[in-house]
Amino acid sequence: MYESVKVAAISYRPVKWDRAVNADRMEELFVEAARGKPRMILITEGALEGYVVMEVVEGRASAEDLLEVAEPIDGPYIRRFQKLARTLKTCLAFGFAERIGDEAFNCALFLDQDGEIRGRYHKVQLAEGTHSSWNFNRIGQKLRAFDTPIGRAGFVICNDRWNPDIVRALVLDGARIILIPSYGSKTKEQNQAVLARARENGVPIVEANVGMNLIISKGEICAYQWGNDQITHGVVDIPVSPGAEAARQAEQDYLAAQTPEMERRYQSTLERVGRPVSA
């Protein structure tokens with residue numbers, strides 16, 4: 001009732017404000033990760049511009065500075081990675097500041113192996129909050145899963161992962177795998193939170209954080225790696241979508257195992273109570 005899929009996460013630490021340098025390094029890392037033949041590669045939050053929102057919030061830069069470095073969805077850097085996905089013949093996912101008119105959003109993007117945009121998500125839970133005057137830090141208003149070649153997926157970005165309702169909404173919308181581009185906490189508590197999101201919803205999670213990668217399948221950590229610019233491969237078991245056909249198949253799988261399992265337990269019970277075990 002699962003499809004096993006090889007994935008990769010990249011713990012890239014971007015250079016703040018430098019799209020050109022970051023794009024070059026992202027491409028190098030994507031190319032290197034693709035040598036392992038994953039079907040999807042995820043890199044961190046704000047990978048393209050360096051996650052610079054706090055520079056504006058704390059007064060070290062202006063809103064205009066952030067808008068200048070934010071990338072439109074049809075911009076040259078997005079087109080560059082669409083072309084790269086086609087060249088590598090694998091799905092690519094990454095975070096960046098998206099410019100829409102005179103506003104910027106913390107965005108995550110999913111490109112399929114043909115370079116087509118399959119998923120686009122704006123962060124909905126900002127650690128720093130937001131204000132109506134902050135055109136440089138608009139907050140997302142939708143929680144929607146999207147169809148991909150590896151199954152229906154959902155993004156959560158960094159701080160979103162602490163809120164179980166966000167992931168639950170995506171799973172209820174059909175997400176069979178959750179992707180987390182992050183630029184934040186690498187504590188034991190954050191690992192436990194991500195593990196809880198996977199176990200609560202019965203779906204695998206791939207997280208690419210600055211300084212750490214975490215891949216979870218069937219409620220257990222199957223790959224973990226510390227450090228920047230690390231490429232972590234793992235195989236996740238993506239559950240099929242619920243429905244009558246899947247339920248009946250799961251039922252038959254269980255019933256096929258039921259008789260030998262009950263016989264094993266029966267023999268164990270006889271041994272425990274001291275009765276003769278049948279030949």
Side-chain angles (χ1 to χ4, degrees), residues 8-31 33 40-57 61 63-85 88 91-112 115-128 130 134-142 144 146 148 153-161 179-184 206-211 228-229:
I10 303 174
S11 58
Y12 176 53
R13 184 181 185 90
V15 177
K16 292 188 180 298
W17 303 105
D18 200 330
R19 286 182 298 180
V21 166
N22 290 330
D24 286 349
R25 184 59 178 145
M26 288 168 65
E27 180 167 339
E28 290 174 357
L29 290 166
F30 277 138
V31 169
M40 189 281 304
I41 308 170
L42 174 69
I43 206 165
T44 47
E45 176 186 21
L48 187 55
E49 82 295 334
Y51 186 62
V52 293
V53 67
M54 289 309 298
E55 272 69 10
V56 181
V57 173
E64 289 72 24
D65 292 331
L66 197 153
L67 288 173
E68 182 65 25
V69 80
E71 176 81 352
I73 198 67
D74 59 352
Y77 288 104
I78 302 302
R79 295 198 300 271
R80 173 176 176 174
F81 288 108
Q82 289 178 294
K83 180 179 179 181
L84 182 63
L88 298 177
C91 302
L92 304 179
F94 58 93
F96 71 106
E98 181 188 2
R99 180 166 182 163
I100 303 176
D102 291 327
E103 298 179 330
F105 294 79
N106 187 326
C107 183
L109 195 67
F110 189 105
L111 307 175
D112 69 16
E116 297 296 323
I117 296 173
R118 291 295 195 98
R120 178 182 175 205
Y121 169 81
H122 293 153
K123 189 175 181 179
V124 298
Q125 181 165 292
L126 310 180
E128 65 277 6
T130 191
W134 285 7
N135 65 323
F136 65 91
N137 197 34
R138 293 300 194 201
I139 193 167
Q141 298 294 329
K142 292 182 179 179
R144 304 288 168 80
F146 49 91
T148 82
F155 275 122
V156 299
I157 301 176
C158 200
N159 196 265
D160 293 337
R161 70 197 185 285
L179 309 177
I180 308 178
S182 186
Y183 195 128
V206 181
E207 179 182 14
N209 196 352
V210 173
N228 287 315
D229 287 12

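Just so it is clear, the model here is predicted, and its values are computed rather than measured.
Rounded to the nearest 0.5 angstrom, F94 CZ and Y77 OH are separated by 12.0 Å. Once rounded to the nearest 0.5 Å, the distance linking CG of L67 with CG of N135 reads 5.0 Å. Between R118 atom CZ and F146 atom CZ the span is 10.0 Å, to the nearest 0.5 Å. To the nearest 0.5 angstrom, E207 atom CD is 8.0 Å from C158 atom SG. Here CG of L84 is found 15.0 Å from CZ of R79. Values are rounded to the nearest 0.5 Å. In this structure, CD in E49 is found 8.5 Å from NZ in K16, a value given to the nearest 0.5 Å.
In terms of modelled atom types and a separation under 3.5 Å, the side chain of T130 and the main chain of R138 share no donor-acceptor contact. Side-chain atoms of D229 never come within 3.5 Å of backbone atoms of Y12 as a donor-acceptor pair (strictly under, hydrogens ignored). Side-chain N or O atoms of N209 include none that pairs as donor or acceptor with a backbone N or O of S11 at under 3.5 Å. When atom types are taken as modelled, the side chain of N159 and the backbone of L126 share no donor-acceptor pair closer than 3.5 angstrom. The main-chain N or O of G101 is found under 3.5 Å from a side-chain atom of R99 such that the two form a donor-acceptor pair.
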Check against side-chain contact (heavy atoms from CB on, under 4.5 Å), I10 and I41: CA-CA 8 Å; I10 303 174; I41 308 170; 3.6 Å; yes
Walk me through it: do D160 and F155 pass the test side-chain contact (heavy atoms from CB on, under 4.5 Å)? CA-CA 9 Å; D160 293 337; F155 275 122; over 6 Å; no
F96 and I73: CA distance, side-chain angles, deciding distance, side-chain contact (heavy atoms from CB on, under 4.5 Å) verdict: CA-CA 10 Å; F96 71 106; I73 198 67; 4.2 Å; yes
Test side-chain contact (heavy atoms from CB on, under 4.5 Å) applied to L92 and M26, step by step: CA-CA 11 Å; L92 304 179; M26 288 168 65; over 6 Å; no
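What you find for L111 and A85 is that their closest heavy atoms are CB-CB, 4.4 Å. Shown here for R19 and A70, the closest heavy-atom pair between the two residues is NH1-O, 3.7 Å. Contact between A153 and T148 at its shortest, heavy atoms only, is CB-CG2, 3.9 Å. Residues Y121 and K142 come closest through the heavy atom pair CE1-O, 3.8 Å. Looking at every heavy atom in both residues, T44 comes nearest to V210 through CG2-N, 3.5 Å. Pairing each heavy atom of I157 with each of K123, the nearest pair is O-CE, 3.4 Å.
Taking the side chain as every heavy atom from C-beta outward, P181 and L42 approach each other to under 4.5 Å. Side-chain contact check for M40 versus L179: some heavy-atom pair is nearer than 4.5 Å. Proximity of H122 to I100: side-chain heavy atoms (C-beta onward) are separated by under 4.5 Å at one or more points.
With a 6.0 Å radius and a threshold of 12 heavy atoms from other residues, nucleotides or ligands, E28 has its CD atom above the threshold.
Between R80 and D24 there is a salt bridge, since a side-chain N of the basic residue sits under 4.0 Å from a carboxylate O of the acidic one.
Side chains of Y183 and N106: no donor on one and acceptor on the other come within 3.5 Å.
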